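Here is how names work: the chains are called A, B, and so on, in the same order as the sequence lines, proteins then strands, and each is numbered from 1. The shown structure was predicted, so the numbers you read here are calculated from the model rather than taken from an experiment.
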2 protein chains.
Amino acid sequence: MAKSVARLKDIAAQTGFSVNTVSLALRGSSRIPDETRLLILQMAERLNYLPNQVAQSLVRRETRSVGLIITDLKNPVLTAVAQAVELELSKRGYSTLFATSNNTLALEERMIETFRARRADGMLIFPCSHRQLDHIRALRKRNYPVVLLVGDPDAGIDAVCMDERAGAYKATAHLINNGHKRIALIDGAAARGNTEKQEGYLRAHQQLGPTSDPRLMVDPRDGSVASGYWATDDLMRRNLGFSAVLTSNDSLALGALRYCVKHGLRVPEDVAIVGFDNIEFAEYAATPVSSVNYDVERVTRMAIERVLELIGLAGELPEAQVIQVEPELLVRESSNRRYEGANG
Amino acid sequence: MAKSVARLKDIAAQTGFSVNTVSLALRGSSRIPDETRLLILQMAERLNYLPNQVAQSLVRRETRSVGLIITDLKNPVLTAVAQAVELELSKRGYSTLFATSNNTLALEERMIETFRARRADGMLIFPCSHRQLDHIRALRKRNYPVVLLVGDPDAGIDAVCMDERAGAYKATAHLINNGHKRIALIDGAAARGNTEKQEGYLRAHQQLGPTSDPRLMVDPRDGSVASGYWATDDLMRRNLGFSAVLTSNDSLALGALRYCVKHGLRVPEDVAIVGFDNIEFAEYAATPVSSVNYDVERVTRMAIERVLELIGLAGELPEAQVIQVEPELLVRESSNRRYEGANG
DNA sequence: GCTTTCAGTATTATCGTTAATATCAAGCAT
DNA sequence: ATGCTTGATATTAACGATAATACTGAAAGC
């Protein structure tokens, strides 16, 4: 806090009015005549007065701030969400409190407590686990407005998110329909219990024919490009025979692409690649990478709508509402040719 | 703010002690005997009490929060900084207030006012213009702790940053030393008055021989991959003859790379590419892209050190101190071959 | 026995604002 | 003249915490 800033009291002292008159004048009350208001406004200007929002928050019992917890700021789609959230909230007069959980439950819980202590009016959360949500459910039970950005229709918590199961199904179906029979899945989330994408991948296999092979489902260390590279390396070394790779995000896909380029494998002729999130780096990669789109604008807008709605409500929160946005598959060069078999 | 949360008063009412006793007990004062403290702690636990930081901030006259203004959350290096800042501040018990200025001065000024109203203890700012800093200078004059993340030694404002001039010099010198005589510069910042990189580029030409050609210096619409692609397209169409491209960030470089791949130009044989920031997508691109490293950890750590130091100081702020970190050039495949002329 | 000391707890003021209510003079009708 | 509005401003009490000071009763000292 800056060392000494003007308060209402200072304006009052300088103009001779009472603190309350100054407060009313600055807030444009009709009870204050224009002449008085002008004098006060001028003095406020001269003293560089800015209302102390800390004091305002205390008396108004709202901070006009919303907490946003993200698993990882290194994922471009999450930062895009962060950017969109900040912009939209700022338009509506709210500030954004950010925190990253680094995909650990302990940190996530700590950040929630921090936001609660700071009396954020509500929270938007990408929980690191889509299953362990008790701490968030407890929050909601105490009438704290929370909206998750990944969805579980049965969690009893409001959520707005992309339908990842449907997205994975679409991507896998696209590959299967293009003749691929053995499709690898590089999915960092599954190992943490977030199995939506894996489920979509498996269901596509079940419904469309090819049997899935658990050995083709690998867990990269994290969601980075490097991890995509090494996961692909791992798959290749094990000589399992596959003609396509689906990854749980575009960074991993770009890592797979780099592996292929480096080892002389043609994309999509030898290996087809499909990612998730549709980040710009995938679109403009040397070989543009197919991707399941993440509709940042839409998810953000609806999530903010909802959390502000919950904030505005008095008393008990209404029943939780889960909105899943159907994602679109963007087919690009990395997967747009029919696969005709090993020598096709 | 959640609808009804426990206050000291509630614990006091439930235990029969006074508010002050409860406050002292929870803060571990030695004036409260263990027996009493235990009773109070148990009740606090039962009521799910969390101190109201808004009230604490008001009375302590510090919020333990720092504002961070970033030009654009879509730039991976800026989000890396954001992540590092949040992590480091959180370790030290501070919260981070984020805002993006979207590279407009008006928004930057608005966000500063927002942070000031929220009584952030200090601010870290990537100003959108490195020259128009009057509003920030005014802030500093009123003893508000501010640290910029781009540096102008003469601005009279504390700063910690990479030495972009030196970085551009190194990158350009590297290309010149590899035989390149006509080097294009795609720099989005120069048009906004942030000419450090351009200056380094020009100085390298002056000192090492080749004359620079203003027609080779282009301004992309923004810092995106797409803009890098189209800026390269623009350069190529004008048939100016060049064998290397230096871009002001890696996204632009990746756009240039994509252009080359798409149009059958070999990198680095036909066109060498060097970017800025060393983001992972450049390192793992189909052709790994050379880049001037941005030492996120170091810049972040020093900037936070400094702003916390300024916050800790009572009274007048000391003289501004500008720290410029010398960047390292990471040479990768996109520029690591000698250029021997048009048919080399 | 009477002050002194001290541990344990309570009371009061404060932070900077807003909200509810109070005051007080001028203007007006009766 | 007396009371009633009403317009302009002041006073007081919150909001939820901390900090300084005040009280109270029992043990200790002489």
Side-chain angles (χ1 to χ4, degrees), chain A residues 1-41 43-44 47-65 93 114 116-121, chain B residues 1-41 43-44 47-65 93 114 116-121:
Chain A
M1 207 173 292
K3 318 293 162 161
S4 97
V5 273
R7 300 152 299 171
L8 288 182
K9 199 195 268 189
D10 300 312
I11 303 179
Q14 293 289 314
T15 56
F17 293 103
S18 77
V19 167
N20 182 252
T21 303
V22 174
S23 172
L24 286 171
L26 292 177
R27 282 181 290 153
S29 158
S30 60
R31 289 165 62 183
I32 308 294
D34 288 349
E35 197 189 350
T36 305
R37 184 199 321 286
L38 202 68
L39 273 168
I40 290 175
L41 278 170
M43 185 54 68
L47 297 180
N48 212 276
Y49 174 78
L50 247 194
N52 184 332
Q53 278 213 39
V54 174
Q56 285 183 331
S57 295
L58 185 60
V59 66
R60 289 190 176 141
R61 318 178 80 198
E62 62 164 16
T63 55
R64 291 192 83 76
S65 66
T114 304
R116 199 157 76 86
R118 291 197 176 269
R119 299 302 192 262
D121 295 339
Chain B
M1 207 172 290
K3 318 293 162 162
S4 98
V5 273
R7 299 153 300 171
L8 287 184
K9 198 195 270 188
D10 300 314
I11 302 179
Q14 294 288 315
T15 56
F17 293 103
S18 76
V19 167
N20 182 254
T21 301
V22 173
S23 172
L24 287 171
L26 291 177
R27 282 181 291 151
S29 159
S30 60
R31 289 165 63 184
I32 308 293
D34 287 350
E35 197 189 351
T36 306
R37 185 197 321 287
L38 202 67
L39 273 169
I40 290 175
L41 279 170
M43 185 54 69
L47 297 179
N48 212 276
Y49 174 78
L50 246 194
N52 184 333
Q53 278 213 39
V54 174
Q56 285 183 331
S57 296
L58 186 60
V59 66
R60 290 189 175 141
R61 317 179 82 201
E62 62 163 16
T63 56
R64 291 192 84 74
S65 66
T114 304
R116 198 157 75 84
R118 290 196 177 270
R119 299 301 191 263
D121 295 338

Can you tell which of D:dA10, C:dG16, C:dC15 lies closest to the side chain of B:V59?
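Of the options given, the side chain of B:V59 lies nearest C:dC15.
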
Choose from D:dA8, D:dA17, C:dT18 the nucleotide whose nearest atom is closest to any side-chain atom of A:R60.
C:dT18

Tell me: [atom1] of [X] to [atom2] of [N], nearest whole Å?
X: B:K9; N: D:dT18; atom1: NZ; atom2: C1'; value: 15 Å
X: B:R118; N: C:dC15; atom1: CZ; atom2: P; value: 23 Å
X: A:R61; N: D:dA14; atom1: CZ; atom2: C1'; value: 10 Å
X: B:I32; N: C:dA7; atom1: CD1; atom2: P; value: 12 Å
X: A:Q56; N: D:dA14; atom1: CD; atom2: C1'; value: 16 Å
X: B:I40; N: D:dA17; atom1: CD1; atom2: P; value: 14 Å
X: B:L58; N: D:dA19; atom1: CG; atom2: P; value: 13 Å
X: A:R7; N: C:dT14; atom1: CZ; atom2: C1'; value: 11 Å

Interatomic spacing from [atom1] in [X] to [atom2] in [Y] - rounded to 0.5 Å:
X: B:Q56; Y: B:E62; atom1: CD; atom2: CD; value: 10.0 Å
X: B:L8; Y: B:Y49; atom1: CG; atom2: OH; value: 3.5 Å
X: B:N52; Y: A:R119; atom1: CG; atom2: CZ; value: 4.0 Å
X: A:R37; Y: A:R31; atom1: CZ; atom2: CZ; value: 12.0 Å
X: A:D34; Y: A:L41; atom1: CG; atom2: CG; value: 10.0 Å

Using atom types as modelled and distance alone, determine if a side-chain donor or acceptor of [X] lies under 3.5 Å from a backbone N or O of [Y].
X: A:S57; Y: A:Q53; result: yes
X: A:R61; Y: A:L58; result: no
X: B:R118; Y: A:T63; result: yes

Does a side-chain N or O from [X] land closer than 4.0 Å to OP1 or OP2 of [N], or not?
X: B:T36; N: C:dT9; result: yes
X: A:S18; N: D:dA10; result: yes
X: B:R27; N: D:dA19; result: yes

For B:S23 and A:G16, take the nucleotide of DNA chain D holding the closest heavy atom to each; which residue's nucleotide lies nearer the 5' end?
A:G16

Enumerate the protein-to-nucleotides 21-26 of chain C contacts in which both atoms are nitrogen or oxygen and the separation is below 3.5 Å.
unit_1 : atom_1 : unit_2 : atom_2 : d
C:dT21 : O4     : A:R31  : NH2    : 2.9

Does any part of the side chain of B:T15, heavy atoms only, come nearer than 4.5 Å to the side chain of B:T21, both counted from C-beta?
no

Going by heavy atoms in the side chains, are B:M43 and B:V22 under 4.5 Å from each other?
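No, side chains not in contact.
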
Both B:S30 and A:L50 contact DNA chain C. Taking the nearest nucleotide for each, which residue is further toward the 5' end?
B:S30

To the nearest 10°, give me the bend of the helix from C:dG1-D:dC30 to C:dT30-D:dA1, comparing the axes of its five terminal pairs at either end.
70°

